[in-house]
Asks: 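Have a look at this one.
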Amino acid sequence: MNKILIIDDEEKIRALLSRIISLEGFEVFQSSDLKNAKKRLEASEIDVVISDVKLPDGSGVEFSKIIKEKYPSTEVILLTAYGNIPDGVQAIKNGAFDYITKGDDNNKIIPLVYKAVEKVTLNRRLLQLEKQLDDKQSFDNIIGKSKLIESAVNSAKRVAVTDATVLLTGETGTGKEVFAQAIHNASNRSKQNFVAVNCSAFSKELLENELFGHKAGAFTGAMKDSKGIFEEANNGTVFLDEIGEMPLDLQAKLLRVLESGEFLKVGDSKHTKVNVRIIAATNRDLQQEIDNGNFREDLYYRINIFNIVLPPLRERTSDIENLAYSFLKKYTSKIGKKISSISSDYLNILKQHSWKGNIRELRNIIERSVILEDSLELTVNSLPFDLQQISIAKPSSDKTFSAFSMASAEKIHIQKILNYTKGNKAEAARLLEIGIATLYRKIEEYKIS
Ligand SMILES: Nc1ncnc2c1ncn2[C@@H]1O[C@H](COP(=O)(O)OP(=O)(O)OP(=O)(O)O)[C@@H](O)[C@H]1O
């Protein structure tokens, strides 16, 4: 339901406008001043603001500028006083959609609100398309030269040009969505929509509505027919992320779409037919989910026609440096910093970390470092504290040992005790229950300063 905010300090005008606008099926919010209006705008996505010019805490004309800067998709209609055209003109210069004269143009309000709402829908669609262009993924953007990733890319390229259903499996952040988009963009459907839905992000009812859409009157608030993702993506690709989380009865409906291309919108009695390619992804073991009774076996065989396994980052550490440099380039240009290299200590730590969040985690760590780093090189200091701890155990040039060896554990322990005793070696030897000569020998061996 579209949301309209009315800002006017005259209660009668607010109530009148609110009544006629809500009768059209819009959700209306009211505010008597700019302070509360700002709070309302922050609380939920408002489509159209109808604002008086003279308000107790400022001018509606100035406020339209602020709204357009902060919420570019929202449209503003100004209510100007009779004969005060300059206010209206200035408001339009500030980005307002239009203005109407208070009390004089009541019959113009509803048509104008409809036009403004239509413009908001266009604004949002445009923003979404711009975002898609920005994020346009192709196989060229997939970074990695390791055997595992190269084999995944080769399989994906080969299946892209067919119309086969693809199942992408891999831990979170391994690039399943990136691969899905690259497959779509390399397919014959690339000029059509690619629509992604995360099956774990909705309740059963909402997911059904999201996927299949609804007929007007299907439930309270369903004022108009609405298209679901399958209709939006007609002739294109639907990406079903986290398919393992889909409720069982929706799985049955999905199976029907896969088999016949048909589905029922919520509240509809007629089937809708579409032509979509499905790419599904999961980080779950679907075989296990079948055994546990959470996933339909027939659906599994229908989607598991071509499976591509995306490797976790810890199994392709040779790609970490390239990925890190590519994120460094991205974030230095975004944030406007001139950091051009990454220290070898920093890279060593990246190679030893376990990367449970995979590439997404690596991307976030580099972004954080670029923000925090004061020098022209990414250094260990800009890493989160838990990663910095790995540096204590980094391989030394004279004597190499892994982060998990007894030697490195011993070195870390001795270092901690010496820190605790503030460098007092006799006290440290006592706490470590070793002789002072042994402690000196170990300090030298491990090059502890
Ligand atoms: N090979 C790659 N090269 C460059 N960037 C990548 C690569 N793979 C993934 N990324 C980046 O990593 C982040 C996570 O990728 P993506 O969302 O595709 O992962 P996912 O497996 O779908 O995660 P989830 O299971 O949590 O949905 C994105 O920012 C993406 O751009």
Side-chain angles (χ1 to χ4, degrees), residues 131-132 134-157 160 168-186 196 239 241 279 281 283 308-373 375-391 393-395 402-403:
K131 190 172 173 292
Q132 274 179 12
D134 274 356
D135 307 337
K136 192 131 178 124
Q137 294 289 355
S138 77
F139 289 116
D140 299 338
N141 305 126
I142 293 177
I143 296 164
K145 290 199 174 3
S146 60
K147 285 242 155 20
L148 287 172
I149 200 75
E150 273 193 347
S151 130
V153 168
N154 285 340
S155 304
K157 278 183 178 164
L168 298 163
T169 46
E171 291 177 12
T172 180
T174 45
K176 297 185 291 295
E177 179 148 7
V178 171
F179 266 73
Q181 284 186 15
I183 292 171
H184 168 78
N185 290 329
F239 174 51
D241 200 1
I279 303 181
N283 51 28
I308 301 174
V309 180
L310 297 184
L313 192 51
R314 67 186 157 278
E315 284 178 17
R316 52 181 189 114
T317 44
S318 57
D319 289 334
I320 287 181
E321 185 163 345
N322 279 343
L323 281 161
Y325 269 101
S326 110
F327 292 131
L328 175 67
K329 201 166 155 210
K330 175 173 174 176
Y331 290 111
T332 43
S333 79
K334 185 171 165 200
I335 295 166
K337 282 195 164 177
K338 286 205 172 66
I339 306 166
S340 55
S341 61
I342 306 178
S343 78
S344 54
D345 284 354
Y346 189 110
L347 284 170
N348 268 331
I349 290 178
L350 296 189
K351 285 176 191 161
Q352 290 177 66
H353 185 52
S354 55
W355 300 115
K356 291 205 175 67
N358 292 292
I359 305 177
R360 182 180 294 112
E361 186 187 357
L362 174 63
R363 184 198 66 191
N364 294 345
I365 296 248
I366 303 281
E367 180 177 16
R368 177 185 187 279
S369 280
V370 171
I371 294 169
L372 295 178
E373 187 60 62
S375 70
L376 293 176
E377 179 171 77
L378 283 193
T379 59
V380 173
N381 297 337
S382 63
L383 280 170
F385 186 69
D386 55 332
L387 267 86
Q388 287 190 27
Q389 295 312 295
I390 299 177
S391 73
K394 75 173 192 284
S402 94

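The figures here come from the full heavy-atom set of this structure, side chains too, leaving out hydrogens, waters and symmetry mates.
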Asks: Can any side-chain N or O of Ser354 pair as donor or acceptor with the backbone N or O of Lys356 at less than 3.5 Å?
Replies: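 Absent.
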Asks: What's the shortest heavy-atom distance between Phe139 and Ala186, and which atoms?
Replies: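 Residues Phe139 and Ala186, closest heavy atoms: CE1-CB, 3.8 Å.
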Asks: Is there a donor-acceptor contact under 3.5 Å from the side chain of Thr317 to the main chain of Arg314?
Replies: no
Asks: About how many Å separate CD1 of Ile320 and CD of Gln352, when rounded to the nearest 0.5 Å?
Replies: 10.0 Å
Asks: Are Asn283 and Thr172 close enough that a side-chain donor and a side-chain acceptor fall under 3.5 Å?
Replies: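 Checked: Asn283/Thr172 side chains show no N/O donor-acceptor pair below 3.5 Å.
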Asks: Do Phe327 and Ile365 come close enough that some side-chain heavy atom pair is under 4.5 Å?
Replies: no
Asks: For Gly173 and Asn358, work out which heavy atoms get closest and say how close.
Replies: O-CB, 3.4 Å
Asks: Could you state the interatomic distance from CZ (Arg360) to CG (Leu313), rounded to the nearest 0.5 Å?
Replies: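 Arg360 CZ to Leu313 CG: 12.5 Å, rounded to 0.5 Å.
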Asks: In Å and rounded to the nearest 0.5 Å, what is the CD1 to CD distance from Ile335 to Glu367?
Replies: 5.5 Å
Asks: Check whether any side-chain heavy atom of Asp345 sits under 4.5 Å from a side-chain heavy atom of Thr379, and report yes or no.
Replies: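 They are not in side-chain contact.
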Asks: Is any side-chain heavy atom of Lys337 closer than 4.5 Å to one of Tyr331?
Replies: no
Asks: Over all heavy atoms of both residues, which pair between Ala324 and Ile342 is shortest? Give the atoms and the distance, please.
Replies: CB-CD1, 3.8 Å
Asks: Of all heavy-atom pairs between Pro312 and Thr174, which one has the smallest distance, and what is that distance?
Replies: CA-CG2, 3.9 Å
Asks: With the side chain counted from C-beta on, respond yes when Leu347 and Ser344 share a heavy-atom pair under 4.5 Å apart, and no when they do not.
Replies: no
Asks: So, does Asn185 use its side chain to make a donor-acceptor pair with the main chain of Ser138 at under 3.5 Å?
Replies: no
Asks: Please check: side-chain N/O of Asn322 versus main-chain N/O of Gly144, any donor-acceptor pairing under 3.5 Å?
Replies: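 Flag not set: sc Asn322 to bb Gly144 has no pair under 3.5 Å.
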Asks: Tell me whether the rings of His353 and Trp355 are parallel (<30°), tilted (30 to 60°) or perpendicular (>60°).
Replies: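 Rings of His353 and Trp355: perpendicular, as their planes differ by over 60°.
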Asks: Would you call Ile366 and Tyr346 a side-chain contact if the rule is heavy atoms closer than 4.5 Å?
Replies: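 Yes, at least one pair of side-chain atoms sits under 4.5 Å.
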Asks: Considering all heavy atoms of both residues, which atom of Ile339 and which atom of Ser375 are nearest to each other, and what is their separation?
Replies: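 Answer, listing the atom of Ile339 first, then Ser375: CG1-O, 3.7 Å.
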Asks: Grab the two heavy atoms, one from Arg368 and one from Pro384, that are nearest each other, plus how far apart they are.
Replies: NH1-N, 3.3 Å
Asks: What's the spacing between Leu387 CG and Glu361 CD if we round to 0.5 Å?
Replies: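 Nearest 0.5 Å value for the CG-CD distance: 7.0 Å.
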Asks: Between Gln388 and Asn381, is there a donor-acceptor pair closer than 3.5 Å when you use the side chain of the first and the backbone of the second?
Replies: yes
Asks: Is the backbone of Asp241 close enough, under 3.5 Å, to the side chain of Lys176 for a donor and an acceptor to pair up by distance?
Replies: no
Asks: Check whether any side-chain heavy atom of Leu323 sits under 4.5 Å from a side-chain heavy atom of Leu350, and report yes or no.
Replies: no
Asks: Could you check Leu328 against Val370 for side-chain contact (heavy atoms from CB on, under 4.5 Å), going step by step and ending with a plain yes or no?
Replies: CA-CA 7 Å; Leu328 175 67; Val370 171; 3.8 Å; yes
Asks: How far does CD1 of Ile149 sit from CG of Asn154, to the nearest 0.5 angstrom?
Replies: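 Those atoms lie 10.5 Å apart.
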Asks: State plainly whether the residues Glu321 and Lys351 are in salt-bridge range, i.e. N to O under 4.0 Å.
Replies: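 The answer is yes: the pair qualifies as a salt bridge.
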Asks: Quick check for you: to the nearest 0.5 Å, what is the distance between Ser343 atom OG and Ile349 atom CD1?
Replies: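 Ser343 atom OG to Ile349 atom CD1 measures 7.5 Å (nearest 0.5 Å).
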